[in-house]
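Below: one structure, written as C-alpha cells.
This one's a predicted model, so the numbers in the text were calculated from it and none came from an experiment. Start at 1 and go down the list; that is how both ligands and their atoms are numbered.
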Amino acid sequence: MSTQDDSFVVFERVQKSYDGLSLVVKDLNLRIKKGEFLTMLGPSGSGKTTCLLMLAGFETATHGEILFDGKPINNIPPHKRGIGMVFQNYALFPHMTVGENLSFPLEVRKIDKKNREEKVKTALEMVQMSEFINRKPAQLSGGQQQRIALARSLVFNPDLVLMDEPLGALDKQLREHMQYEIKNLHKKLGVTVVYVTHDQSEALTMSDRVAVFNDGQIQQLSTPAGLYEKPENAFVAQFIGENNKLTGKVKNINNNEVTVKTAQNLEVKALKVNCGEVGSDTTLSIRPERIHLNSKYKNKVNALVKQLIYHGDHIRCLIELDKENEFIVKIPNSNIQNNLKIGEKISLSWDSKDCHALDA
Ligand code: ADP
Ligand code: MG
C-alpha cells in the first residue's frame, strides 16, 4: 500500500529500541510529500533525532519500514541516498577551509573538479558567504558556521535535507534571521526538508506541516494553524502556543456540545473534541485571546485580576479563578477603555466553541 501514492518519505509502523526493552519510537506512521517542509516538534527525549537518524541510515529501525522515493531505505547506500544533513553542532571539518568543506560531499560523489568549483561557488552565493571561501571554520562566527553547514548540506543538490535543531546554538535574533533564510531557500530550491526542533514557535513559523512528538509517538500531525486552532489532545493544546486549562468531568453530551462540571463545581459548555462518555475526566482548553472580560457569553466565571503586564500591542492579564487555577488573558491595546486594576473583581466568558473538551 505504501508505494501506491506519491509520498516521498514513508515511515510505516516504525519502532526503535536501543536497549531491547523500551521503545523510544512507537509505531510511527508518517508520510512526507515531495517538496514539503515537515517539522518534527517535541520535548527533549521524545524520539525526534532517532527518527532522523533512521531516515539518514545511521540507525536502523527495530521494526517497520522506511521508504525513500518509493524504495526501502536500507537498500540504498548512504552516499547514494541524496540526503543532505545539518546538525546543531555544525560538524564542519576544522582542518579544511570553507571551500574544501563544501567540496567534500562532491568529491565523495565523484564530481569532477570544474563542476565542483561551480557548485561550491553557487552554494556559497546562496548563503551570502562567497568572500569566506578560504577561511577555516574557527575563523567564523557561530552564525556564519551554520550558514556554511547549510550550504554544505545543499551543495550536491539533494532531494531531501534533514535538519536537526540547526539553529539551537544561535542567539534569538540570528535564529529568527536564519529561520527566514532557510525558509527562503526551501521555497527557492523546492527541496524536501525534514526539520527537527523543540521550539514550537520555530515549528509554527517555518513548516508546511508539523508532527508533534511526545514519548516516541506522534500526538498530532497538522498544519501550524490546525495545531493551534484544533489541538486534538491535552498535550498538544499545552505544548503549542499559550493555553488555559480546567479539569472536570463530562456531565452531559448533546451532539458536539458537552457540559463539563469542573473541579471548582462550575458548569461549562464546551466543544466535544476528544473526551470520553458521561462521567469521564476531561481537560478543557481555551486560548488566551478567546477569553473576554465582562462580556455576554453564557460560559461565565467570576475571577480576580492578579497581574497586568504591558506588552505594547496587548496587555497580558493574569486572572485568578481560585487558588488552583489561573488564566492568562490577552487584551488588545486598543480596547483597554475598561482600565483594569489589580485586585478588581471581573467575569471571564467565552464562546463554548472556543473551549475544547479534550482527553484527561
Ligand atoms: P529527541 O531528539 O527528541 O530529544 P532522541 O531521539 O535523541 O530524542 O532520544 C529518544 C530516547 O532515546 C531518549 O530517551 C534517549 O535517551 C534515547 N537514546 C537516544 N540515543 C540513544 C543511544 N544511542 N543509545 C541509547 N539510548 C538512546
Ligand atoms: Mg534530538
Query raised in the report: Backbone, side chain, both or neither: what part of Thr49 comes under 4.0 angstrom of ligand 1, heavy atoms only?
Result: both
Query raised in the report: To which protein heavy atom is atom 10 (C) of ligand 1 closest, and what is the distance rounded to 0.1 Å?
Result: Gly45 O, 3.5 Å
**Report entry** Shortest protein contact, atom 23 (N) of ligand 1 (heavy atom only)
**Finding:** Tyr18 CE2, 3.6 Å
Query raised in the report: Does the distance from a Lys or Arg side-chain N to an Asp or Glu carboxylate O, for Glu176 and Lys172, drop under 4.0 Å?
Result: yes
Query raised in the report: Is there any N or O on Val24 that sits under 3.5 Å from an N or O of ligand 1?
Result: no
Query - Which residue and heavy atom of the protein sit nearest atom 5 (P) of ligand 1, plus the separation - result: Thr50 OG1, 3.7 Å
**Report entry** Geometric class of the His186/Phe37 ring pair [parallel <30°, tilted 30-60°, perpendicular >60°]
**Finding:** perpendicular
Query - Protein non-hydrogen atom found under 4.0 Å from atom 15 (C) of ligand 1 - result: no
Query raised in the report: Is there any N or O on Glu59 that sits under 3.5 Å from an N or O of ligand 1?
Result: no
Requested in this report: Please write down residue, atom name and distance for the protein heavy atom closest to atom 8 (O) of ligand 1.
Outcome: Gly47 N, 3.2 Å
Query raised in the report: Mind checking whether the Mg ion (ligand 2) has an N, O or S of Thr50 under 2.8 Å?
Result: no
Query - Side chain, backbone, both or neither: Cys51 near ligand 1, heavy atoms under 4.0 Å - result: neither
